[in-house]
Amino acid sequence: MRSIRGRLEPHRRARALLALLALAATAPACSDELPAPIPSAGPEGAAPRRGGVLDVATFGDVRASLDPANIADGLAPQIAEQLFAGLIDYDKDGAIQPDLAERWVVADEGKTYRFFLRPGVRFHDGEELTADDVKRSVERALHGSAPNPAATSFSMIVGFDELQEKKAETLPGVEVEGRYVVSFHLKKRDATFLPILATLPLRPVCKSAGARYSDAWHPCGAGPFKLLPDGWHRGHDLTVVRHEGYFRPGLPRLDAVRWTFHENPTSQTFKFIRGDLDVLRDFVTPELLRFQADPRWKPFADFDGGGQILGEAMNVEMPPFDNVEIRRAVAAAIDRETLRRVRASNLAATNQLVPPGVFGHDADLVGQRFDLGAALEHMRRAGYPYDPATKTGGWPHVIPYLVYKQGLQEFMGQVLAQQLERIGLRIEIRIVNYPTFLALRARKMTSPFGPGFWMQDYPDALSFLEPMFHSKVISDEGTNNWSFYRNPRFDELVDRAHEELDDVRRKKLYTEAQEILTDDAPWAFTENVRIFTQRQGYVREHYTHPMWMHDVTRTWLDRAAGPVAGRAIFSEKGLAALLGTDRRGPRDASARGRGAGVGQ
């Protein structure tokens with residue numbers, strides 16, 4: 001909608017947009033089926049071509065920064081990944097691969113990682129990347145002056161504590177050994193070092209970033225796309241353009257990628273059907289189900305790896321959940337398949353913490369499962385037997401169940417209440433806003449029961465086991481261990497897994513840790529969340545990435561030239577009459593079909 005900005009009076013624009021969204025929301029009901037995908041111009045196997053702008057949208061926004069040293073919200077990573085290349089990265093299957101480093105070796109019994117950089121890699125400003133840039137970028141990101149929320153993830157590097165506390169200005173654990181050779185020295189072996197290094201915080205930044213973090217710095221890295229000085233209109237849209245000096249020949253293929261922010265999901269669907277958006281990830285449930293059920297659209301859609309867990313978090317320090325048998329009863333009383341139907345389109349029932357596709361998931365783990373008879377037996381062992389026939393017994397008090405308004409868990413909580421009532425546990429749903437919910441769940445001796453959720457920081461079981469359940473993360477305020485769970489054997493297994501570099505032995509440690517968790521039941525693990533992505537038929541080689549949402553380095557557009565107004569719910573003339581403006585401009589279908597660049 002960029003072409004109408006500034007042309008309408010604010011009150012008229014608001015009324016027009018509300019009318020547009022209302023009509024868009026009701027328009028799909030006028031037809032029993034969706035329009036067909038816009039097809040590719042060429043056959044399968046056609047040679048890739050360069051050009052075009054990939055348009056995506058989101059109901060969210062980048063709240064703070066795109067600086068790797070200050071990635072603080074969920075949307076920023078998918079954009080920062082396009083701007084900043086790392087020494088290593090994740091491929092589309094979640095495996096670690098070389099990136100700026102062409103190879104690496106492990107020495108000193110796993111305590112030294114030596115990276116050999118690709119010669120000739122260029123930053124967006126044309127400067128060559130060297131080992132000095134790597135060291136400078138790491139020290140900048142981990143210095144105590146940087147607001148880096150992920151800094152402590154790198155505490156295994158020698159000298160980290162002193163740099164964080166501003167007692168030192170350099171990091172001896174990062175050593176330049178030549179123009180293209182840099183080594184990282186760790187205090188002790190740590191299996192998470194490579195998975196964490198492949199994330200964003202330590203990615204090399206241009207010399208213009210300086211030696212210390214600054215809010216005023218314009219993002220500049222060595223990724224496949226770059227951000228021009230006028231490329232980010234905060235609160236509205238952001239466009240990255242091809243880095244012509246990118247080190248991988250012929251890539252990226254797109255001229256640009258454009259994100260539009262604060263876009264209502266219904267409006268997104270409307271624009272996607274028209275062809276004004278190329279990829280769709282935000283849906284209202286009825287439209288999501290329609291896309292998933294339509295065989296014409298299925299070849300152009302997929303789910304992500306499901307690296308998110310949902311469950312019911314029980315505070316083990318507060319009654320009745322200080323009784324392990326009560327917790328086991330809850331875990332056995334939940335019918336996960338019934339719960340899944342609240343949002344069947346993107347939930348998958350689970351019996352364990354670690355999601356499928358994350359290293360450490362154990363498909364053979366018995367885990368937690370629905371068994372009403374076993375749940376009633378656990379209630380008897382807890383000392384609170386319940387008779388379903390007479391509806392007598394059970395826990396004598398109502399249990400507060402804290403949720404946040406308009407969240408999925410608000411609706412799942414209503415189903416949960418019915419399921420727990422069958423074993424003599426009565427819950428009272430208490431709804432608060434999201435910030436209040438987070439504060440109360442993370443405060444000691446405050447909230448006994450409520451939904452829990454977690455998304456991987458990197459695709460390894462330690463990304464779940466440690467921050468959610470290790471006793472070292474417990475604090476009076478702000479802990480991620482919402483159950484305030486402590487188990488010395490569990491802690492020992494997690495600590496050993498950190499130092500175990502052999503994948504087979506480490507996975508055995510993860511399995512034992514999960515067996516303890518599923519039995520102690522600080523959570524009842526219920527569902528994995530899978531995010532659905534729908535593409536238009538002309539979008540080639542776009543992948544749902546397990547870490548970065550959009551893998552667009554190889555993406556290209558094979559859209560036939562020509563307008564698509566005939567597909568529209570509203571015609572171009574109808575929209576112009578409604579909005580009082582001419583919509584033709586940068587998003588014009590015929591221009592984009594020819595691979596038009598930014599600003600045409």
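Here the structure is a predicted model, which means the values were calculated and not measured.
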(message) Any non-hydrogen side-chain atom of D278 less than 4.5 Å from a side-chain atom of V56?
(response) no
(message) So that I know where these two stand, are H542 and H550 an aromatic pair - ring centroids less than 6.0 Å apart?
(response) yes
(request) Would you check if H233 and L238 make a side-chain contact, meaning some heavy-atom pair closer than 4.5 Å? (result) no
(request) Say whether, by atom type as modelled, one donor and one acceptor occur between the side chain of Q82 and the main chain of Q78 under 3.5 angstrom. (result) yes
(message) Is it the case that the ring center of W104 lies less than 6.0 angstrom away from the ring center of Y113?
(response) no
(message) Nearest 0.5 angstrom please: T170 OG1 to H143 NE2, how far?
(response) 9.5 Å
(message) Centroid separation under 6.0 Å, is that true for the rings of F184 and F115?
(response) yes
(request) Go through V205 and R140 one step at a time and tell me if the side-chain contact (heavy atoms from CB on, under 4.5 Å) criterion holds. (result) CA-CA 9 Å; V205 294; R140 176 183 180 273; 4.2 Å; yes
(request) Ignoring hydrogens and angles, tell me if any N or O in the side chain of D304 forms a donor-acceptor pair with the backbone of T544 under 3.5 Å. (result) no
(request) Give a yes or no on whether a salt bridge exists between R189 and E109, defined as a side-chain N under 4.0 angstrom from a carboxylate O. (result) no
(request) Using a cut-off of 6.0 Å, state whether more than 12 heavy atoms not belonging to K187 lie near its atom NZ. (result) yes
(message) Counting C-beta onward and ignoring hydrogens, is there a side-chain heavy-atom pair between Y90 and Q97 closer than 4.5 Å?
(response) no
(request) Start with the C-alpha distance between Y510 and D460, add both sets of side-chain angles, then the distance that settles side chain to side chain donor-acceptor pair (under 3.5 Å), and finish with yes or no. (result) CA-CA 10 Å; Y510 291 157; D460 187 276; 2.6 Å; yes
(request) State plainly whether the residues E81 and R203 are in salt-bridge range, i.e. N to O under 4.0 Å. (result) yes
(request) For residues T112 and L186, determine if any side-chain heavy atom of one lies less than 4.5 Å from a side-chain heavy atom of the other. (result) no
(message) Is the shortest side-chain heavy-atom distance between V181 and V176 below 4.5 Å?
(response) no
(request) Grab the two heavy atoms, one from D99 and one from R248, that are nearest each other, plus how far apart they are. (result) OD1-NH2, 3.0 Å
(message) Ignoring hydrogens and geometry beyond distance, is a side-chain donor-acceptor pair present between Y543 and D302 at under 3.5 Å?
(response) no
(request) Using a strict cut-off of less than 4.0 Å between a Lys/Arg side-chain nitrogen and an Asp/Glu carboxylate oxygen, indicate whether D55 and R258 qualify as a salt bridge. (result) yes
(message) Would you compute the distance between atom OG of S137 and atom CG of L129 and round it to the nearest 0.5 angstrom?
(response) 8.0 Å
(message) On a heavy-atom basis, which atom in E127 and which in D125 lie closest, and how many Å separate them?
(response) N-OD1, 3.0 Å
(request) Would you check if the side chain of D294 reaches a backbone N or O of R296 as a donor-acceptor pair within less than 3.5 Å? (result) yes
(request) State whether the side chain of W454 and the backbone N or O of S463 hold a donor-acceptor pair below 3.5 Å, judged by distance alone. (result) yes
(message) Show, in sequence, the C-alpha distance, side-chain angles and deciding distance for S65 and D67, and conclude whether the side chain to side chain donor-acceptor pair (under 3.5 Å) test is met.
(response) CA-CA 5 Å; S65 166; D67 191 320; 5.0 Å; no
(request) For the pair R50 and E244, find out whether any cationic side-chain nitrogen is under 4.0 Å from an anionic carboxylate oxygen. (result) yes
(request) Say whether R281 and T533, considering side chains only, have a donor N or O and an acceptor N or O under 3.5 Å apart. (result) yes
(request) Considering only NZ, NE, NH1 and NH2 on the basic side and carboxylate oxygens on the acidic side, decide whether E175 and K135 come within less than 4.0 Å. (result) no
(message) Working note: F193 + M156, criterion side-chain contact (heavy atoms from CB on, under 4.5 Å); need CA distance, chi angles, decisive distance, verdict.
(response) CA-CA 8 Å; F193 175 68; M156 76 284 283; 4.0 Å; yes
(request) For residues L117 and E102, determine if any side-chain heavy atom of one lies less than 4.5 Å from a side-chain heavy atom of the other. (result) no
(request) Please confirm whether R535 makes a cation-pi placement over F300, using NZ or CZ under 6.0 Å from the six-membered ring centre and within 45° of the ring normal. (result) no
(message) Looking at R103, I want to see if its CZ is surrounded by more than 12 non-hydrogen atoms of other residues, nucleotides or ligands under 6.0 Å.
(response) no
(message) Is the ring pair F272/W297 parallel, tilted or perpendicular, if the boundaries are 30 and 60 degrees?
(response) tilted
(message) If the threshold is 4.0 Å, N to carboxylate O, is there a salt bridge linking R234 and D61?
(response) no
(message) Check whether W556 forms a cation-pi arrangement with R554 (NZ or CZ under 6.0 Å from the six-membered ring centre, at most 45° off the ring normal).
(response) no
(message) Could you check whether T511 and D362, counting side-chain N and O atoms only, form a donor-acceptor pair closer than 3.5 Å?
(response) yes
(message) Set out, in order, the CA-CA distance, both residues' side-chain angles and the distance that settles side-chain contact (heavy atoms from CB on, under 4.5 Å) for D237 and W232, then state yes or no.
(response) CA-CA 6 Å; D237 63 75; W232 187 0; over 6 Å; no
(request) Tell me, with the steps shown, if V121 and Y246 meet side-chain contact (heavy atoms from CB on, under 4.5 Å). (result) CA-CA 7 Å; V121 171; Y246 187 52; over 6 Å; no
(message) Within the 3.5 Å criterion, strictly below it, is a donor on R540 or S40 matched to an acceptor on the partner's side chain?
(response) yes
(message) So, taking the atom named CD1 in I309 and the one named CG in N528, what distance separates them when rounded to the nearest 0.5 Å?
(response) 4.5 Å
(message) Donor-acceptor pair, distance only, cut-off 3.5 Å: does the side chain of D282 make one with the backbone of F59?
(response) yes
(message) I'd like to know if D133 pairs up with K207 as an ion pair, taking the criterion as any Lys NZ or Arg NE/NH1/NH2 lying under 4.0 Å from an Asp or Glu carboxylate oxygen.
(response) yes
(request) Ignoring hydrogens and angles, tell me if any N or O in the side chain of N264 forms a donor-acceptor pair with the backbone of T266 under 3.5 Å. (result) yes
(request) Report yes or no: is the cationic atom of R530 (NZ for Lys, CZ for Arg) under 6.0 Å from the centre of the six-membered ring of F303, at an angle within 45° of the ring normal? (result) yes
(message) Nearest 0.5 Å, please: how far is CG in D89 from OG1 in T553?
(response) 8.5 Å
(request) Decide yes or no on salt bridge (charged side-chain N to carboxylate O under 4.0 Å, His left out) for R179 and E128, but give the supporting numbers first. (result) CA-CA 11 Å; R179 184 172 178 83; E128 186 185 24; 2.7 Å; yes
(message) For T192, is there any backbone N or O sitting under 3.5 Å from a side-chain donor or acceptor partner on H498?
(response) no
(request) Return yes if some donor-acceptor pair links the side-chain N/O of R136 with the main-chain N/O of C206 below 3.5 Å, else return no. (result) yes
(message) With a 4.0 Å cut-off on N to O distance, would you call E541 and R253 a salt bridge?
(response) yes
(message) If I take atom NE2 from residue H236 and atom CH2 from residue W259, how far apart are they, to the nearest 0.5 angstrom?
(response) 15.5 Å
(message) So which atom in Y213 and which in P147 form the shortest heavy-atom distance, rounded to 0.1 Å?
(response) CD2-CD, 3.4 Å
(message) Ring centres under 6.0 Å, that's the criterion: do F283 and F532 meet it?
(response) yes
(request) Could you pull out the closest heavy-atom pair between V358 and P459, with the gap in Å? (result) CG1-C, 3.7 Å
(request) Please name the pair of heavy atoms, one in V182 and one in A131, separated by the smallest distance, quoted to 0.1 Å. (result) CB-CB, 4.0 Å
(message) Main chain of L310, side chain of E527: is a donor-acceptor contact present, judged purely on distance under 3.5 Å?
(response) no
(request) Identify whether the distance between the nearest side-chain nitrogen and carboxylate oxygen of R114 and E177 falls below 4.0 Å. (result) yes
(message) Determine whether a donor-acceptor pair (N or O, by modelled atom type, separation under 3.5 Å) exists between the side chain of H124 and the backbone of P219.
(response) no
